[in-house]
Asker: 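The structure is given below, and queries will be raised subsequently.
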Amino acid sequence: MSSSQNIIKRTTSSFATLRTIYAKELRGYLAVPFGWVILGCTMALQGFILQAVLQVMTHATGNGVMYHMLDNLNFWFCFIFIFPLITMRCMAEEERQGTLEGLLTAPVTTTQIVLGKYFAAYTFYLLLWLPMLLYPLASEIGNVYTEMRYGIQPEGVITYMLADWVGPYLILALSGAFFVALGIMCSALTRSQIIAAILCTCLMIMYYFMGRATELWGEFPAAPVFHYMSCTEHVRSFSSGVIDTRPVVLYLSLTVFTLALTKRIVDYRRWTR
Amino acid sequence: MVTAEHLHKTFGRFTAVKDASFSIEKGEIVGFLGPNGAGKTTTMKMLTGYLPPTAGTARIAGFDIIDSPLEARRHMGYMPENVPLYDDLRVYEYLDYRARLKGICGKSVRNQIGEVIEKCGLEPKRKTLINTLSKGYRQRVGLADALLGNPDLLILDEPTNGLDPNQIRQIRELIRALSENHTVILSTHILHEVEMICNKVIIIDQGEIKAADTPENLTANLRAAGRVSIEYKGDLDSIVQELEAFEPIKKVFTEETEDGWHRLLVRAEPGTDSREKAAAIIASHGYPIRHIYRHIPSLEDVFVEMTRRD
């Protein structure tokens with residue numbers, strides 16, 4: 001026994017701890033049905049949107065398919081509900097089960113816990129958008145089939161054009177970074193997953209409508225602020241291929257701020273327990 | 001190993017722990033005793049650094065729980081009350097996660113898990129999902145978790161809560177075996193258990209530490225210690241007079257049994273044994289004795305005396 005004390009290999013690297021939490025949380029999405037249900041639902045919804053978009057695209061426009069996919073009310077309707085689903089469990093479930101106590105009494109800092117959970121949720125969120133990359137391939141298969149069956153060579157509707165894909169994925173990644181952080185913050189505020197989900201949905205809808213305030217109220221002196229933070233406008237400009245650095249700064253700073261706040265909340269809630 | 005200095009915790013207007021100071025030496029098994037809601041769990045949670053104390057602090061293995069919480073936690077294994085575990089993991093996966101969280105790495109992870117699984121008798125449940133485990137096995141997983149990394153100090157909050165007598169015995173044996181290499185703090189309200197395994201007792205009531213000593217010292221000074229009861233047949237008054245004249249005996253209470261014997265309840269100085277003399281006095285009159293018994297004070301008596309509300 002006392003000899004084994006000497007040979008226990010230990011690390012005090014905070015990165016190793018972060019990676020441990022990250023791996024466990026990511027596994028929590030992928031090794032249980034939970035994550036796959038979300039992935040399946042998201043894919044189905046993306047499919048519906050694509051179907052609607054293809055209808056629009058028969059009246060040919062100059063924009064790529066991703067522009068039409070994202071600049072679309074259907075998209076926002078689904079998009080807003082993804083985040084509460086992904087993040088509602090993160091902190092709330094730990095607290096309800098009481099496992100947060102074990103986590104916070106291990107040699108782990110609150111920052112490591114919050115970041116580990118954040119990066120895992122964010123990774124899972126990014127995974128949700130990977131299946132869309134298969135659309136051009138699917139469309140190509142469709143084209144090949146059409147050519148074989150009918151002998152006509154159709155023009156590619158959905159193509160792997162870099163300009164079509166980089167912008168949309170960039171804005172999905174950027175706004176997602178903030179919204180996932182927002183969801184984790186909501187989850188840290190309560191021990192009930194349902195309350196966390198409702199709170200997150202409310203905040204997201206508020207943020208969404210703040211971005212559209214100028215559409216409702218017209219231009220007014222403070223309107224630039226609302227333009228600046230309008231996620232719909234960001235999505236529109238990015239998915240049409242205009243990559244602007246202002247939203248990059250906005251979303252990254254909002255993400256860092258929200259995560260810092262979350263860390264404070266987790267620490268604060270220990271006092272009240 | 002552990003020194004608590006004026007630990008104080010309030011929740012709103014309610015004071016859970018008042019100015020608790022105590023120290024625990026290396027290798028001691030300390031039992032926290034107290035009625036429900038006395039502040040046992042709160043004190044333990046403060047020691048683990050989970051609940052920040054309102055005032056005061058504690059040091060674990062020389063590390064302050066507020067100034068260097070990570071170092072303090074590295075020297076400690078904690079098993080919370082009701083053993084919260086991740087239900088969707090298997091026992092092995094759970095221990096693996098916990099071992100890595102505690103900073104164990106490389107080959108040691110596997111060695112450590114193997115070691116604690118063996119110590120806690122978890123071998124048959126190694127690959128079982130935690131939510132299908134019985135209460136007893138959950139408790140063992142919690143204990144195994146606390147043991148990972150071979151910490152100097154184990155803090156166990158009600159380790160035998162909700163177990164059946166056989167399981168309680170197993171856990172008790174385990175804790176006793178652990179005491180060779182670890183300092184153990186455990187809380188319980190099963191007094192018998194403390195008597196059997198602890199070599200120091202801290203009694204808490206209404207947030208205050210009422211006593212901190214060895215069980216022997218605590219029981220030795222009790223009012224109940226030294227009390228003797230006797231049943232005999234014969235004349236009452238002369239015997240009582242003779243007994244009360246004898247030095248350590250302070251007072252004799254009498255009552256009649258249903259079948260016409262006398263029952264004497266003899267109150268004497270704590271720590272004395274007046275059986276021999278009393279028996280001799282009664283025998284000198286030729287009266288038969290059918291029962292003589294010296295009350296052995298238990299922690300229960302200590303507990304009742306210290307936490308009684310009347």
Asker: Write out all pairs satisfying ring-ring contact (aromatic ring centres under 6.0 Å, His included) with one or both partners inside residues 95-148 of chain B, taking only residues at least two apart or from two chains.
Answerer: B/Tyr86-B/Tyr97

Asker: Check whether B/Leu85 gets within reach of chain A through its side chain, its backbone, both or neither, counting any heavy atom under 4.5 Å.
Answerer: backbone

Asker: Non-hydrogen atoms of chain B under 4.5 Å away: do they reach the side chain of A/Glu94, the backbone, both or neither?
Answerer: side chain

Asker: Could you walk me through whether B/Glu118 and B/Glu123 satisfy the side-chain contact (heavy atoms from CB on, under 4.5 Å) test, starting with their C-alpha distance in whole Å, then the side-chain angles of each, then the deciding distance to 0.1 Å, before giving a yes or no?
Answerer: CA-CA 6 Å; B/Glu118 191 198 314; B/Glu123 193 51 55; 5.8 Å; no

Asker: So which part of B/Asp145 gets closer than 4.5 Å to some heavy atom of chain A, the side chain, the backbone, both or neither?
Answerer: neither

Asker: B/Glu180, B/Arg98, B/Met76: which one forms the most heavy-atom pairs within less than 4.5 Å of chain A?
Answerer: B/Arg98

Asker: Measure B/Ile155 against the heavy atoms of chain A and call it side chain, backbone, both or neither at under 4.5 Å.
Answerer: neither

Asker: Between B/Met79 and chain A, which part of the residue has a heavy atom less than 4.5 Å away: side chain, backbone, both or neither?
Answerer: neither

Asker: Checking side-chain polar atoms at under 3.5 Å, does B/Asp19 have a donor or acceptor matched by the opposite partner on B/His6?
Answerer: yes

Asker: When you look at A/Tyr125 and A/Phe179, which way does the ring-ring contact (aromatic ring centres under 6.0 Å, His included) test go after all the steps?
Answerer: CA-CA 10 Å; A/Tyr125 162 78; A/Phe179 292 141; 8.7 Å; no

Asker: Kindly assign one of parallel, tilted or perpendicular to the pair A/Phe81 and A/Phe77, based on the angle between their ring planes and the thresholds 30° and 60°.
Answerer: perpendicular

Asker: What part of A/Ala16 is in contact with chain B, defined as an atom under 4.5 angstrom from a non-hydrogen atom: side chain, backbone, both or neither?
Answerer: neither

Asker: I'd like to know which of A/Thr20, A/Thr105, A/Ile21 tops the heavy-atom pair count under 4.5 Å against chain B.
Answerer: A/Thr105

Asker: State whether A/Tyr22 and A/Lys24 meet the cation-pi test: NZ (Lys) or CZ (Arg) under 6.0 Å from the six-membered ring centroid, and within 45° of the perpendicular axis.
Answerer: no

Asker: Side chain, backbone, both or neither: which part of A/Thr109 has a heavy atom under 4.5 Å from chain B?
Answerer: both

Asker: For chain A, which candidate among B/Leu101, B/Thr48, B/Val109 shows the most heavy-atom pairs at distances under 4.5 Å?
Answerer: B/Leu101

Asker: Can you find a side-chain donor-acceptor pair between B/Tyr78 and A/Glu101 that sits under 3.5 Å?
Answerer: yes

Asker: Looking only at side chains, do A/Glu93 and A/Gln193 share a donor and an acceptor under 3.5 Å apart?
Answerer: yes

Asker: Using only heavy-atom distances, determine whether the side chains of B/Gln167 and B/Arg140 contain a donor-acceptor pair under 3.5 Å.
Answerer: no

Asker: Is it true that B/Arg138 and B/Asp87 make a salt bridge, defined as a side-chain N closer than 4.0 Å to a carboxylate O?
Answerer: yes

Asker: In terms of heavy-atom proximity below 4.5 Å to chain B, should A/Arg27 be classed as side chain, backbone, both, or neither?
Answerer: side chain

Asker: Using a 4.5 Å heavy-atom cutoff, which residues in residues 57-75 of chain B come close to chain A?
Answerer: B/Leu70, B/Arg73, B/Arg74

Asker: Shorter than 4.5 Å, heavy atoms on both sides: which option in A/Ala23, A/Ala31, A/Gly98 has the most such pairs with chain B?
Answerer: A/Gly98

Asker: Side chain, backbone, both or neither: which part of B/Lys45 has a non-hydrogen atom closer than 4.5 Å to chain A?
Answerer: side chain

Asker: For the residue pair A/Trp129 and A/Phe79, does the interplanar ring angle fall in the parallel (under 30°), tilted (30 to 60°) or perpendicular (over 60°) class?
Answerer: tilted

Asker: Roughly how far, to the nearest 0.5 Å, is OG1 of A/Thr258 from CD1 of A/Ile265?
Answerer: 9.5 Å

